[in-house]
Amino acid sequence: MPKPPTLGRQRRTNPVVWCFAIVCSIIATTVIIAGIVIFSGYLVLRPKVPLLSVRAARLDSIYYNGDVFAVKLMVVIRAENHNRKAHASFYDTRLLLGYHGVRIARLVADPFDVPRNGTVDLNYVVESSPIPLPREEQYLTDQSMKKSRLMLFVLKGSSKTMWKVGPLGEVKFTLHMDCELVLPVNGSVLLHSRCSTKSH
């Protein structure tokens, strides 16, 4: 008569493995909850990146004698914050105003805050010193003065912004501006230009 099979002792799971499994479960649960909180906060707050834009610009005066160039102009940069529940801070604001590759002025600003769903205007009055123009720029200036009656300026630079988005914490972006300003030589004000920053 065959002997009935005998069962050996069952092996117990190592306590270290149980601890590791519990820790992994806790971490996974924490990550899931954090993701739900962040996603819910995003849906509720709908955060929007603050921006800088050219609100207005005007060429007040121009001096040009054939090879030396000087201008006086006004530029209004508007900082915009369309977040309804958080104010935004701007810092390291540095813009460069140029004319056909010739540097005219640097537009800078100390750190400042923009209230929630608000705006702040930065008013600049630029008066350049006489600038000798290369031959090609002399030709372009002649054409602008005599034919189109429009002067082309370039505004480049960047600013950094930071704001708090509820449970998401602080959010930081660098804003970059690179656009053209076409100003009439008759002193007319350019309003609501399409010149604004892009975030990175």
With the 4.5 Å side-chain cut-off for hydrophobic clustering, are L140 and I131 part of the same group?
-> no

Closest non-hydrogen atoms of P50 and A88, given as atom of the first, atom of the second and distance, are CG-CB, 3.7 Å

Distance col, row L96:CG vs R94:CZ, nearest 0.5 angstrom, shows 12.5 Å

Of all heavy-atom pairs linking A86 and N81, the shortest is O-ND2, 2.9 Å

Any side-chain heavy atom of L155 within less than 4.5 Å of one from V54?
-> yes

Between F69 and Y99, how do the two ring planes meet: parallel, tilted or perpendicular, split at 30° and 60°?
-> parallel

Under 30°, 30 to 60°, or over 60°: which ring-plane class applies to W163 and F173, parallel, tilted or perpendicular?
-> parallel

Tell me yes or no: between the side chains of S196 and S53, is some donor less than 3.5 Å from an acceptor?
-> no

Q143 atom CD, over 12 foreign heavy atoms within 6.0 Å | yes

Say whether, by atom type as modelled, one donor and one acceptor occur between the side chain of Q138 and the main chain of L133 under 3.5 angstrom.
-> yes

Stepwise, does the side-chain contact (heavy atoms from CB on, under 4.5 Å) test hold for H100 with E137?
-> CA-CA 7 Å; H100 292 297; E137 280 66 34; 3.6 Å; yes

Testing L97, V102, V71 for side-chain contact (heavy atoms from CB on, under 4.5 Å) with S128, which one passes?
-> V71

Distance from T141 atom OG1 to E136 atom CD, nearest 0.5 Å?
-> 10.5 Å

Kindly indicate, with the supporting measurements, whether the criterion side-chain contact (heavy atoms from CB on, under 4.5 Å) is fulfilled by E180 and C195.
-> CA-CA 7 Å; E180 297 178 343; C195 183; over 6 Å; no

Work out which heavy atom in T174 is nearest to a heavy atom in K160; give both atom names and the distance.
-> OG1-CG, 3.9 Å

Can you check side-chain contact (heavy atoms from CB on, under 4.5 Å) on L150 and V185, steps first, answer last?
-> CA-CA 6 Å; L150 298 171; V185 298; over 6 Å; no

Distance-minimising heavy-atom pair for L190 and L181 = CD2-CD2, 4.2 Å

For N186, does the CG atom sit with more than 12 other heavy atoms under 6.0 Å from it, leaving out its own atoms?
-> yes

Nearest 0.5 Å please: distance from the CE atom of M151 over to the CG atom of L73.
-> 10.0 Å

Are side-chain heavy atoms of Y124 and V76 found at a separation under 4.5 Å?
-> no

Do R78 and D121 sit within salt-bridge range, that is, some charged N less than 4.0 Å from a carboxylate O?
-> yes

Between atom CG of L107 and atom CG of N123, what is the distance when rounded to the nearest 0.5 Å?
-> 11.5 Å

CE of M74 to CG of L183: how many Å apart, nearest 0.5 Å?
-> 9.5 Å

Should we say atom OH of Y139 is surrounded by more than 12 heavy atoms from elsewhere, each under 6.0 Å from it?
-> no

Taking the side chain as every heavy atom from C-beta outward, state whether F90 and M162 have any pair of such atoms under 4.5 Å apart.
-> no

Are any non-hydrogen side-chain atoms of Y63 and V68 less than 4.5 angstrom apart?
-> yes

Given the options L52, L95, D178, T197 meets side-chain contact (heavy atoms from CB on, under 4.5 Å) only with L52

Separation between OG (S158) and CG (L175), nearest 0.5 Å, reads 8.5 Å

Main-chain N/O of S89 paired to T161 side chain as donor or acceptor, under 3.5 Å = yes

In terms of heavy-atom contacts, E80 and T119 come closest through CG-CG2, 4.1 Å

Please lay out, stage by stage, how M145 and I62 fare under the test side-chain contact (heavy atoms from CB on, under 4.5 Å).
-> CA-CA 10 Å; M145 296 288 291; I62 179 171; 3.6 Å; yes

Please check if V49 and V120 belong to a single hydrophobic cluster, counting links between Ile, Leu, Val, Met, Phe, Trp and Tyr side chain heavy atoms closer than 4.5 Å.
-> yes

Is it true that a side-chain atom of N65 and a backbone atom of D67 form a donor plus acceptor pair closer than 3.5 Å?
-> yes

Say whether, by atom type as modelled, one donor and one acceptor occur between the side chain of S188 and the main chain of P184 under 3.5 angstrom.
-> no

Determine the minimum heavy-atom distance between V189 and R58, stating which atoms define it.
-> CG2-CD, 3.7 Å

Taking the side chain as every heavy atom from C-beta outward, state whether N83 and R116 have any pair of such atoms under 4.5 Å apart.
-> no

